[in-house]
Asks: 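Have a look at the structure that comes next, please.
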Protein chains: 2
Amino acid sequence: MDNPNRTYTVGEFAALSKSSVRTLHYYDDIGLLRAQRDASSGHRVYRSQDIFKLQQIISLKFLGYRLEEIEELMARSTVGTSLTEGLRRQQEAIEAKQRQLEQVHTAIGRTVQLIEQQGELDRDVLFSLIHTMQSEEEQRQWLQERTSPELVDRLFNQSAEEKAEADREFIEFTREVRRLKGNPVDHPEVQALVAGLMDKTMARVGEENMASVSTLSETDLDSIQFMTSSPFTAEEEAWMNEAMAYLMTQQLGEENLKP
Amino acid sequence: MDNPNRTYTVGEFAALSKSSVRTLHYYDDIGLLRAQRDASSGHRVYRSQDIFKLQQIISLKFLGYRLEEIEELMARSTVGTSLTEGLRRQQEAIEAKQRQLEQVHTAIGRTVQLIEQQGELDRDVLFSLIHTMQSEEEQRQWLQERTSPELVDRLFNQSAEEKAEADREFIEFTREVRRLKGNPVDHPEVQALVAGLMDKTMARVGEENMASVSTLSETDLDSIQFMTSSPFTAEEEAWMNEAMAYLMTQQLGEENLKP
DNA sequence: CATAACGCCTCACGTAACTGGAGGTGCAAG
DNA sequence: CTTGCACCTCCAGTTACGTGAGGCGTTATG
């Protein structure tokens, strides 16, 4: 057994504690773990009891404390309820980080899956999707404040497969837009495209929720534009709006013919 | 609708993107998002198309990329399999972080629970426990290489309750040591204490695993000392060892009397 | 015995992604 | 005329070290 009075050099001490010489120098400099000095050589000398102190430092670092806080904590002799409070705050911070990491993790998962299925992707489309995933929480919050909980539930509480399906459909849609862009808005394929979009949107929102959507104001619709970044150019958007308008007039016309 | 050619000042742009003016200055400085300048005032001028670029930057930051990497990624026009590979690496890094956070989370949870149940705790004891939790993975690895998988399983694959129980027992044990310290090693309560310790240890290890424990070498036992930091002083350790030795001789004596 | 190789020392700069402050300009309102 | 606002630039500080230069004293080797 080692005798408890033996001393260590920085190198030995670093190896023991699995930290680095530089780290020990640093702790010495900032006064977190002061070493004694060999009078003649000026070398740092650590005593075996310093091991415990260093272990405490490492433990507290492990718990997420910064060195300054650690110094303060170690100066206090009692370790009780005051620490619990700090620990609980640490706990909450960790949970927040975990939630964020989880979000990023699934976002990357969805992105990778998309690229694998679809091959090379247009960068605008990809970034638009990533941006949507990233701000999903924000959008949910926003809708929660303005529409019915049922709609929010329906739109966001989807399974991973449903979300993947929505991603695919979106990609498909952008490809069709790129393919048909330039055609007149009354071109049958263009009309089919926008009709399909409206159907899908209706299906996604659900008929029973259309009422709460229609309560959204003009300014609301404007600000939704900023949140959901679109991969389309201004001309593409204008063209699509025209096609939509044409579709609406056609449908209205048919209805007027029926009775 | 905003016309697509309107321009923004830094302040407006910061508000739009929910970043700060300083951040935009910074991105301009490092060339990540260069702004044009108003010739007369020298003020930064952002165009609406810069919004997309900034959104992409924010998205990539969200995915965990560093600004330097982002600049490089955005310079490339194709976004395909090269990105997937990077994303997968990101994914793994995130998973590693998640595992680490999970470990810290449960460690703090156990600590808080202990302080709540036991009130004020001796700092040495507390740090000893935290240190043990922190290096649990390391210890598991160490034992895995040297003993049987069954033993490792038994020692580490415990439920949260079992671990909490072990923590409590350990605290209880340190309290008893403090209380009885100074008594002669053949004092009945001291003997009961060490006998209890041995019983608990045997129960924890399991009779069928004693064989693989005994294969550990002397040096192995030394290095285990460094990993499991003890909250006891050198004298306390010596005293406990003596008491253990006394217990062993007694038991050997009894066995010799039996037959 | 000279030299090389260690291990230690100090000093000082680099890191990532900002944040904050000091000091200055131009413009509009009170 | 002053106040306030929004902008500008330049400088410094943040965290917890990593890295490298240049130097000293001790030990191993040719």
Side-chain angles (χ1 to χ4, degrees), chain A residues 6-47 50 53-74 90 93 97 100 104, chain B residues 6-47 50 53-54 56-74 90 93 97 100 104 134:
Chain A
R6 75 161 281 200
T7 59
Y8 303 85
T9 67
V10 248
E12 292 167 339
F13 212 63
L16 255 173
S17 59
K18 278 162 198 173
S19 45
S20 72
V21 171
R22 180 66 181 97
T23 299
L24 293 172
H25 279 181
Y26 181 64
Y27 290 171
D28 195 3
D29 286 348
I30 64 172
L32 183 55
L33 182 64
R34 286 253 150 79
Q36 294 181 318
R37 296 304 184 109
D38 180 306
S40 65
S41 68
H43 289 193
R44 285 171 182 81
V45 175
Y46 292 90
R47 300 153 302 170
D50 292 328
K53 202 169 175 193
L54 183 55
Q55 269 175 350
Q56 296 186 3
I57 292 171
I58 295 172
S59 293
L60 287 170
K61 236 179 35 175
F62 174 76
L63 294 187
Y65 287 96
R66 287 173 307 125
L67 298 187
E68 208 180 332
E69 298 171 318
I70 291 176
E71 194 168 1
E72 199 198 311
L73 278 172
M74 308 228 310
Q90 277 293 124
K97 251 187 209 160
Q100 198 222 335
V104 176
Chain B
R6 75 161 282 200
T7 59
Y8 304 85
T9 66
V10 249
E12 292 167 339
F13 211 63
L16 256 172
S17 59
K18 279 165 196 171
S19 42
S20 74
V21 171
R22 293 293 288 109
T23 300
L24 292 172
H25 280 180
Y26 180 65
Y27 289 170
D28 195 3
D29 288 346
I30 65 172
L32 182 57
L33 182 64
R34 286 253 151 77
Q36 294 182 316
R37 297 303 184 111
D38 181 306
S40 67
S41 68
H43 288 196
R44 285 170 182 82
V45 175
Y46 292 89
R47 300 152 303 171
D50 292 328
K53 199 167 178 196
L54 184 54
Q56 295 186 4
I57 291 172
I58 295 172
S59 291
L60 287 170
K61 239 180 31 175
F62 174 75
L63 294 187
Y65 287 97
R66 287 172 307 123
L67 299 187
E68 209 180 327
E69 299 171 318
I70 290 176
E71 195 168 0
E72 198 198 311
L73 278 172
M74 307 227 312
Q90 276 295 123
K97 251 187 209 160
Q100 197 222 334
V104 177
Q134 173 193 347

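In what follows, chains carry the letters A, B, and so on, assigned in the order in which the sequence lines appear, proteins first and then strands, with residues in each chain numbered from 1.
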Asks: To 10°, what angle do the rotation axes through the five end pairs on each side of the helix from C:dC1-D:dG30 to C:dG30-D:dC1 form?
Replies: 30°
Asks: Output yes when A:K53 and A:D50 qualify as a salt bridge under the 4.0 Å nitrogen-oxygen rule, no when they do not.
Replies: no
Asks: For the residue pair B:Y8 and B:F13, categorise the inter-ring angle as parallel (less than 30°), tilted (30 to 60°) or perpendicular (more than 60°).
Replies: tilted
Asks: Would you kindly give the CG-to-C1' distance between A:L67 and D:dT14, to the nearest whole Å?
Replies: 13 Å
Asks: When rounded to the nearest 0.5 angstrom, what is the spacing between CZ in B:R22 and CG in B:D29?
Replies: 7.5 Å
Asks: Identify the two heavy atoms, one from A:S20 and one from A:A14, that lie closest to each other, and give their separation to 0.1 Å.
Replies: C-CB, 3.8 Å
Asks: What is the distance, to the nearest angstrom, from the CD atom on A:E68 to the P atom on D:dT14?
Replies: 9 Å
Asks: Tabulate atom names and distances for all N/O pairs under 3.5 angstrom spanning the protein and nucleotides 25-28 of chain D.
Replies:
none

Asks: side-chain hydrogen bond (donor to acceptor under 3.5 Å, both in side chains) with B:Y26: which residues, sequence neighbours excluded?
Replies: none
Asks: How long is the line joining CG of B:D38 and P of D:dA6, in whole Å?
Replies: 17 Å
Asks: Please work out which residues in residues 26-37 of chain A have a non-hydrogen atom less than 4.0 Å from an atom of DNA chain D and list them by number.
Replies: A:Y26, A:Y27
Asks: Determine the minimum heavy-atom distance between A:G42 and A:R37, stating which atoms define it.
Replies: O-NH1, 2.9 Å
Asks: Measure from NE2 on B:H25 to P on D:dC7 and round the result to the nearest Å.
Replies: 8 Å
Asks: Before giving the answer on side-chain contact (heavy atoms from CB on, under 4.5 Å), spell out for A:T9 and A:H43 the whole-Å C-alpha distance, their side-chain angles and the decisive distance to 0.1 Å.
Replies: CA-CA 8 Å; A:T9 67; A:H43 289 193; over 6 Å; no
Asks: First contact, last contact: which nucleotides of DNA chain C are these for chain A, 5' to 3', heavy-atom distance under 4.0 Å?
Replies: C:dC8 to C:dA12
Asks: So do B:R44 and B:D28 actually touch side chain to side chain, heavy atoms under 4.5 Å?
Replies: yes
Asks: Would you give the length of the straight line joining atom CG of B:L16 to atom OH of B:Y46, rounded to the nearest 0.5 angstrom?
Replies: 12.0 Å
Asks: For A:K97, give me all partners under side-chain hydrogen bond (donor to acceptor under 3.5 Å, both in side chains), at least two apart in sequence or on another chain.
Replies: none
Asks: Identify, residue by residue, the members of residues 56-66 of chain B with a heavy atom below 4.0 Å from DNA chain C, and return them in order of residue number, or none.
Replies: B:K61, B:R66
Asks: Examine D:dC7: is either OP1 or OP2 under 4.0 Å from a nitrogen or oxygen in the side chain of B:R44? Give yes or no.
Replies: no
Asks: Enumerate all atom pairs, one protein N or O and one N or O from nucleotides 18-20 of chain D, separated by less than 3.5 Å.
Replies:
unit_1 : atom_1 : unit_2 : atom_2 : d
D:dG18 : OP2    : A:S20  : OG     : 2.8
D:dG18 : N7     : A:R22  : NE     : 3.3
D:dG18 : O6     : A:R22  : NH2    : 3.1
D:dT19 : O4     : A:R22  : NE     : 3.1

Asks: Residues two or more places apart in sequence or in another chain: which of them pass side-chain hydrogen bond (donor to acceptor under 3.5 Å, both in side chains) with B:T7?
Replies: none
Asks: Considering only distance and modelled atom types, tabulate donor-acceptor pairs under 3.5 Å from the side chains of residues 60-74 of chain B, sequence neighbours left out.
Replies:
unit_1 : atom_1 : unit_2 : atom_2 : d
B:K61  : NZ     : B:Y27  : OH     : 3.3
B:E69  : OE1    : B:R66  : N      : 2.9

Asks: For A:S41, report the nucleic acid contact type (base, sugar-phosphate, nothing); a contact means any heavy atom under 4.0 Å.
Replies: nothing
Asks: Taking only residues two or more places apart in sequence, or in another chain, which ones meet A:Q56 in a side-chain hydrogen bond (donor to acceptor under 3.5 Å, both in side chains)?
Replies: B:R123
Asks: Who pairs with B:S17 by side-chain contact (heavy atoms from CB on, under 4.5 Å), at least two apart in sequence or on another chain?
Replies: B:S19, B:L54, B:I58
